[in-house]
Novice: 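Below is one structure. I have some questions about it.
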Amino acid sequence: MTSVVGRLAPSPTGLLHVGNARSLLLAWLAARHAGGKIYLRVEDLLPDGDAHLPSLLADLRWLGLDWDPWQDRDYTRQSARSAVYDALLAQLLACGGVYPCVCTRKDIDLAARAPHAEDHCAAYPGTCRGRFASESEALAFEHARAVAENRPPLGVALRLRVPPDPIAFSDRLNGPQSIGLPQDSGDIVVRRKDGGVAYMFAVVVDDWAMGVTQVVRGDDLLTATAQQLAVYAALQRLASPLLPPFAGLPAYAHVPLVLGDDGRRLAKRNQSLQLGVLRREGVPAARLRQWLAASIGLAAPADWIAQFDWARLPRQPVRFGAAELAAL
Ligand code: GLU
């Protein structure tokens with residue numbers, strides 16, 4: 001039997017709030033309940049992406065989460081793995097799995113971060129598919145256009161060709177899904193114009209490299225899973241020696257989010273709900289753990305690894321607002 005490997009994959013671009021904490025806790029409990037491992041992978045791909053790393057680590061420890069080392073490191077930072085991503089992208093470019101793109105679009109800017117539902121934008125129409133014979137041709141095009149427009153040249157992005165047919169998968173909590181990528185996202189940005197690798201690519205390379213068998217995260221990433229499965233398929237075709245032999249796709253569980261009093265998912269604007277703020281204000285971690293336990297259908301955090309049960313997890317979003325905060 002394959003043993004369970006999960007991951008905690010926070011982005012340290014903002015401070016962790018109660019909603020992040022709940023999704024991370026569920027990923028941790030699901031792995032630990034199964035007697036499995038869980039790795040911490042810091043997704044710090046954006047420039048200045050690690051500004052909040054120290055408080056992230058402190059928050060996770062305050063919450064009581066632990067994790068296993070991977071490749072002799074306590075935790076992994078995506079910013080330290082760019083050589084692997086770049087080498088795989090070069091191989092995909094050589095075999096035509098990805099192509100250079102000179103389009104200026106908002107989705108290129110957004111590509112580095114996980115596409116939470118509020119960021120969703122229109123599908124890419126495939127303008128640059130088959131347009132350039134090589135990356136240098138695309139770069140030359142961009143340089144000429146920059147001169148004509150009297151502005152500094154940008155780089156070129158790389159996009160993954162998505163398959164024409166819908167991608168089907170089953171989510172543990174949300175059931176069977178089928179998503180047609182040409183309509184949903186179009187060809188996916190895997191490297192931004194500034195040369196940085198996109199979230200959608202790095203997440204798959206790392207889940208594969210780390211042998212992740214179970215992905216538990218917020219349900220705003222449910223549809224992004226189809227894009228990630230397209231990346232998996234392209235990497236399987238590539239069969240690169242840079243990755244271990246393919247050992248299967250992870251199982252996915254997208255958990256309901258925590259909403260604020262305004263009915264929207266918690267985000268940076270809900271500063272008072274950040275773990276760092278709660279810590280500084282002297283809220284005992286035990287109180288937050290008690291709320292978290294209740295919110296996932298458990299009586300108390302004392303024995304939550306043993307008691308954890310997907311069947312008890314409420315399928316609706318939970319609310320954490322001023323009243324819940326006051327109760328802490
Ligand atoms: N780093 C992503 C985020 O914090 C989550 C990625 C994932 O779990 O796949 O939104």
Side-chain angles (χ1 to χ4, degrees), residues 4-31 38-53 55-57 59-60 63 65 67 70 75-81 85 110-120 169 171-174 177 185 188-190 192 196-232 235 249-258 264-268 270 273-275:
V4 166
V5 178
R7 78 315 195 263
L8 305 167
S11 301
T13 44
L15 295 164
L16 283 191
H17 53 61
V18 174
N20 305 130
R22 185 169 180 269
S23 298
L24 292 167
L25 172 67
L26 285 166
W28 182 80
L29 284 173
I38 187 146
Y39 300 130
L40 172 58
R41 182 172 78 223
V42 177
E43 303 208 320
D44 55 351
L45 287 173
L46 286 170
D48 291 331
D50 60 355
H52 299 292
L53 183 56
S55 59
L56 170 75
L57 296 171
D59 287 347
L60 293 174
L63 206 57
L65 306 191
W67 48 88
W70 183 67
Y75 60 89
T76 305
R77 293 174 62 167
Q78 286 190 324
S79 58
R81 288 179 46 75
Y85 309 136
L110 292 175
R113 67 189 68 159
H116 300 285
E118 289 167 14
D119 305 328
H120 206 271
F169 64 98
D171 182 87
R172 171 163 220 147
L173 299 173
N174 299 274
Q177 309 289 317
S185 61
I188 304 159
V189 174
V190 286
R192 307 188 308 266
V197 70
Y199 156 75
M200 210 60 86
F201 187 71
V203 74
V204 172
V205 170
D206 290 346
D207 282 344
W208 180 328
M210 296 171 129
V212 168
T213 67
Q214 174 174 281
V215 171
V216 178
R217 58 189 176 192
D219 64 10
D220 52 345
L221 288 170
L222 180 63
T223 58
T225 304
Q227 298 178 43
Q228 292 172 20
L229 294 176
V231 176
Y232 263 108
L235 289 173
L249 296 169
Y252 290 93
H254 288 86
V255 303
L257 296 178
V258 177
R264 291 157 69 201
R265 70 179 168 98
L266 299 189
K268 285 187 190 138
N270 307 96
L273 307 184
Q274 286 166 352
L275 269 57

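First listed ligand is number 1; within each ligand, the first listed atom is number 1. Position 1 is the first residue of the sequence; numbering continues from there.
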Novice: Which pair of heavy atoms, one from P12 and one from L53, lies closest together, and at what distance?
Specialist: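 Scanning both residues, the minimum pair turns out to be CB-N, 4.1 Å.
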Novice: Could you list all the salt bridge (Lys or Arg N to Asp or Glu O under 4.0 Å) pairs where at least one residue sits in residues 12-25, not counting sequence neighbours?
Specialist: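 Not a single pair qualifies under salt bridge (Lys or Arg N to Asp or Glu O under 4.0 Å).
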Novice: Provide the number and element of each atom of ligand 1 under 4.0 Å from a heavy atom of R217.
Specialist: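 Numbered from 1, ligand 1 contributes 7 (C), 8 (O), 9 (O).
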Novice: Counting heavy atoms not belonging to R81, are there more than 12 under 6.0 Å from its CZ?
Specialist: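 Yes, CZ of R81 has more than 12 neighbouring heavy atoms, counting only those of other groups under 6.0 Å.
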Novice: Would you call the rings of Y252 and F169 parallel, tilted or perpendicular, taking 30° and 60° as the class edges?
Specialist: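 Perpendicular: the ring planes of Y252 and F169 meet at over 60°.
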Novice: With heavy atoms of R7 as the reference, note each atom of ligand 1 found under 4.0 Å away.
Specialist: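 Listed by number with element, the hits are 7 (C), 8 (O), 9 (O).
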Novice: May I ask you to check if ligand 1 and A9 share an N or O to N or O distance below 3.5 Å?
Specialist: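 In this structure, A9 places an N or O atom under 3.5 Å from an N or O of ligand 1.
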Novice: Quick check on contacts: which atoms of ligand 1 are under 4.0 angstrom from a heavy atom of E43?
Specialist: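 What qualifies from ligand 1 is 1 (N), 2 (C), 5 (C), 6 (C).
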Novice: Start with the C-alpha gap between N174 and H254, add the side-chain angles, then the distance that decides, and say whether side chain to side chain donor-acceptor pair (under 3.5 Å) holds.
Specialist: CA-CA 7 Å; N174 299 274; H254 288 86; 5.0 Å; no
Novice: Using a 4.0 Å cut-off to any heavy atom of V203, which atoms of ligand 1 qualify?
Specialist: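 With V203 as reference, the close atoms of ligand 1 come out as 9 (O).
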